[in-house]
Amino acid sequence: MKLELRGITKRFGTLVANDHIDLVVEPGEIHCLLGENGAGKSTLMNVLYGIYKADEGEILLDDKVQNFAGPGDAMAAGIGMVHQHFMLIPVFTVAENVMLGHEPTHFGGSLDLAKARAKVREISDRFGFDVDPDAVVEDLPVGVQQRVEIIKALSRDAHVLVFDEPTAVLTPQETDELMLIMKQLKETGTSIVFITHKLREVREVADRITVVRLGKVVGEAKPTASNEELASMMVGRAVELTIEKGKAKLGDPALVVEKLSVIDPIGQLVVNNISFDVKAGEIVAIAGVQGNGQTELVEAIMGLQPRVRGGISLDGRQLVGRTVREILDAGVGFVPEDRNVDGLVSEFSIAENLMLDRANGAPFAKFGSIQLQTLSDFSTEKLSEFDIRAQGIGTLAGNLSGGNQQKVVLARELSRELHLLVAAQPTRGLDVGSVEFVHTRIVEARDAGVPVLVVSTELDEVVALADRIAVMYRGGIVGIVPGDTPRDVLGLMMAGEAPRGSGKAA
Amino acid sequence: MSTVAETPATRTSKVVLEKTVVKSWKAPIALGIFSVIAIVLFGIFGRSGTTHFRISTPDDLIQIPDLHLPSDLTCWILAVVLVGLAALAAWRVQVAAKVPLWLTIIFTIIFLFAFLTWAAAGALIPIPGLLIGAVSLSVPLIFGALSGVICERTGVVNIAIEGQLLAGAFVSALVASVTRQPLAGLVAAMVAGVLVSFVLAAFAIKYIVDQIIVGVVLNVLVAGLTGFLFSKVLSPNETLLNNPPRFDRIDIPILGQIPIIGPVLFNQTIIVYIMYLTIAAVAYALFRTRWGLRTRSVGEHPHAADTVGIKVNAMRFWNVSLGGAIAGFGGAYFTLGSVGSFTKEMTAGAGFIALAAVIFGRWDPIRATLAGLLFGFATNLQSVLGVIGSPVPSQFMLMLPYVVTIFAVAGLVGMSRPPAADGKPYIK
């Protein structure tokens, strides 16, 4: 099926998310939509899928103008979508999820589960997915959940399939498998729109590439284009993709984690007996696919997990069992993985956010009242030091872009005397320019002799920053390897395979 | 690059994290406390005499003779059994196993039996009467709980069950009195419940006002409105406006003659029989039909439901309305089934107990029904013991249903998971 978007414009208030976007996807073509976070890719696809209504422009399928009032219409017209955040009901089985919305029924509306199961099996067998129709979705690994999403779209006879950032949650191996599936689908004549900001993937599968920046199409590229060419189109200027990093000057082990386990409310070991250390002046990166215990590990270090076994010591002082306040006072800087939830109060100003974890004493508070002059001087200084682009220190944090928000968090955490920096997903959702900035700052902290623990699901980031890499899988550490370990080895480790050799090198 | 066929089998298998055991001493401690109470109260402060249990009614096909038990000795034996069960629970936890649910249930039943034996020493407890009353008192609770299950499964917390019951009770009394048709009263009660639901749904779903607040306000509103109309309109014209005809009991042949459960379950008014059908229908529809699948999807992950073309807010609106109809119907039982006329605030918190039954029943219609029966039983036990003259002060006994509610909801259910989007409005 041929898909054509003509002059799609979508505004949110004064923000123009999509500005007269044109896009043509030929039948049996994999068309990549490349752009940074916030470039308007997802908005465009939500318009296509009927979730948003375009202010201007039209959608054509096989040269017929379509009018979608909701996702139901888009699906009926043959558009399927594999969402970035899976649109699956966790407590339902695979068959129930696939049938939802177009359920086969007996008389009186009672469900025909047998038919739904058969449908799942049929599609699953056709592509070699190996998905059990009776498995409950929340018990399945993310890679399999994604296949369920694909089955869901195919079960409605989708001829245009949109993949919205599908690889964000996958291991490199799962990503390779997804690429194969996409090629398989293409063979059967399905048109595919593949949204991503990862250059490597684009060049591997795309037949054509359309680059979007700030809501506009900035050009088309060929899959043969180099990474640098694509990146500069995406960002609008030449970009340095690798950062300068000297050799680490290692000190003594500062953060020592010993036989640490974290137990969740239903008794599962989400972090399972792990041990590692971070030396002064060293960056240790925790790599791994989202949801393998990294979040809980970081929370345990910060004192945010109630059930922790084992030891975490910083410069010889035990941290387990201390309050968050005591841990912060011990000199631990923390960049949380979701800045909007744990990092900032979006209704507070930049200045208030900058003193958020230091409001209980001098210099910001004396006798229980906030020292506004001190705060204002401090904030103004940090604003320029960290290049936070805002009207002033009174701007609400919620009104900043992701990159500037993250700079506020970094400014707060790095302006204390640090004995440890914990940065979880420090560049998630940031534009390339901000990524450069954040990475530089983290390396600076390292060079100043601070031990740094970076947790990231992005292999690029791990490789760029780490002096040593610990890979987590299902709560355990698969191995700790040097920072220059090849990506394919790391990829296998992220799927749980221990590296060849000793496994505990470096 | 690997091919799809080479996918390691481990990748597609279930993610099983290693489990560790967190020893929870909650259950053995609770059981231990109750065993101590049993020993002290029923044993040391035991009462002499004989306790009589009547098991059959005269109409039963098979007559089972009354049970006569020496109070003192029976209580001691039962107390020792209770201590044994508590010790068993403690041992299970010690070896890092779970305390099974059946143990708690058996413990509860034995404790209850010991309590009855002790409280009714020298008197007679009519078991069928106790149970008939329990079912009777549970009817509005069960209708309320079914309403709550539907609403919460669809993602709206229905705090207004109390108001819906009360509205149903009031309107059914009024309409049945005027038309002299109890059936007309039933229909009117449903309409009244739906109207209350419309307000809840409109504010909670369309205007995204906090559901708890709207619900509470509605309860107060309905209580005020019916109270006002009762004292200004109904009371002065008692015979004309507040004198509804009541439904007669219908004895179902054969089934009604089964010992114990016959008179309890199959010699009831039409409202109770409709209740049985409603329970079955809700349980079936919720888990086996297209409507049920969509309802649950909207309560778990409304965004996902939206992306497959389900109209989330419309679905919620009509399900809340349906919930209102069921609760309103249950309210009619107060006036047309049991009491026979409307009195001010006659629901007396039944709606809130129903809400507790929803949680206790883990958002499942059958379990919520059982919870409703349990609460009904606790209420009736209190009144039966009051009649036969128990040594426990009546004020204390009045607390019984609420104490059971608190224990049931807080301690005994363990981890239960509500629908993920319960109480959260869906904004596109």
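Quantities reported herein were computed from a predicted structural model and do not represent experimental measurements. Letters A, B, ... are given to chains in the order of the sequence lines, protein chains preceding strands, and every chain is numbered from 1.
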A/Glu96 and B/Leu293: CA distance, side-chain angles, deciding distance, side chain to side chain contact (heavy atoms under 4.5 Å, CB included) verdict: CA-CA 8 Å; A/Glu96 286 174 330; B/Leu293 189 73; 3.9 Å; yes
Nearest heavy-atom pair of [X] and [Y]: which atoms, and what distance?
X	Y	value
A/Phe92	B/Ser297	CZ-N, 3.6 Å
B/Gly309	A/Pro71	N-CB, 4.4 Å
B/Ala304	A/Leu88	CB-N, 4.1 Å

Might you confirm whether atom [atom1] of [X] has over 12 heavy atoms from other residues, nucleotides or ligands at distances under 6.0 Å?
X	atom1	answer
B/Ile270	CD1	no
A/Arg156	CZ	yes
B/Lys311	NZ	no
B/Phe203	CZ	no

Interatomic spacing from CD in B/Glu300 to CG in A/Leu100 - rounded to 0.5 Å: 11.5 Å
NE2 on B/His303 to NE2 on A/His85, rounded to 0.5 Å: 9.5 Å
Test item: A/Tyr49 side-chain N/O and B/Thr307 main-chain N/O as donor-acceptor pair under 3.5 Å: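 Side chain of A/Tyr49 to backbone of B/Thr307: a pair is present.
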Part of B/Arg294 lying under 4.5 Å from any heavy atom of chain A: both
Part of B/Ile310 within contact of chain A (heavy atom distance under 4.5 Å):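 The side chain, not the backbone.
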Top contributor to chain B contacts, counting heavy-atom pairs under 4.5 Å, from A/Asn272, A/Leu113, A/Asp73: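 Maximum pair count with chain B is reached by A/Asn272.
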Residue part contacting chain B, namely of A/His102, when any heavy atom lies under 4.5 Å: backbone
Heavy-atom contact with chain B under 4.5 Å, split by part of A/Glu138: side chain
B/Val308: which of A/Lys152, A/Met99, A/Met87 passes side chain to side chain contact (heavy atoms under 4.5 Å, CB included): A/Lys152
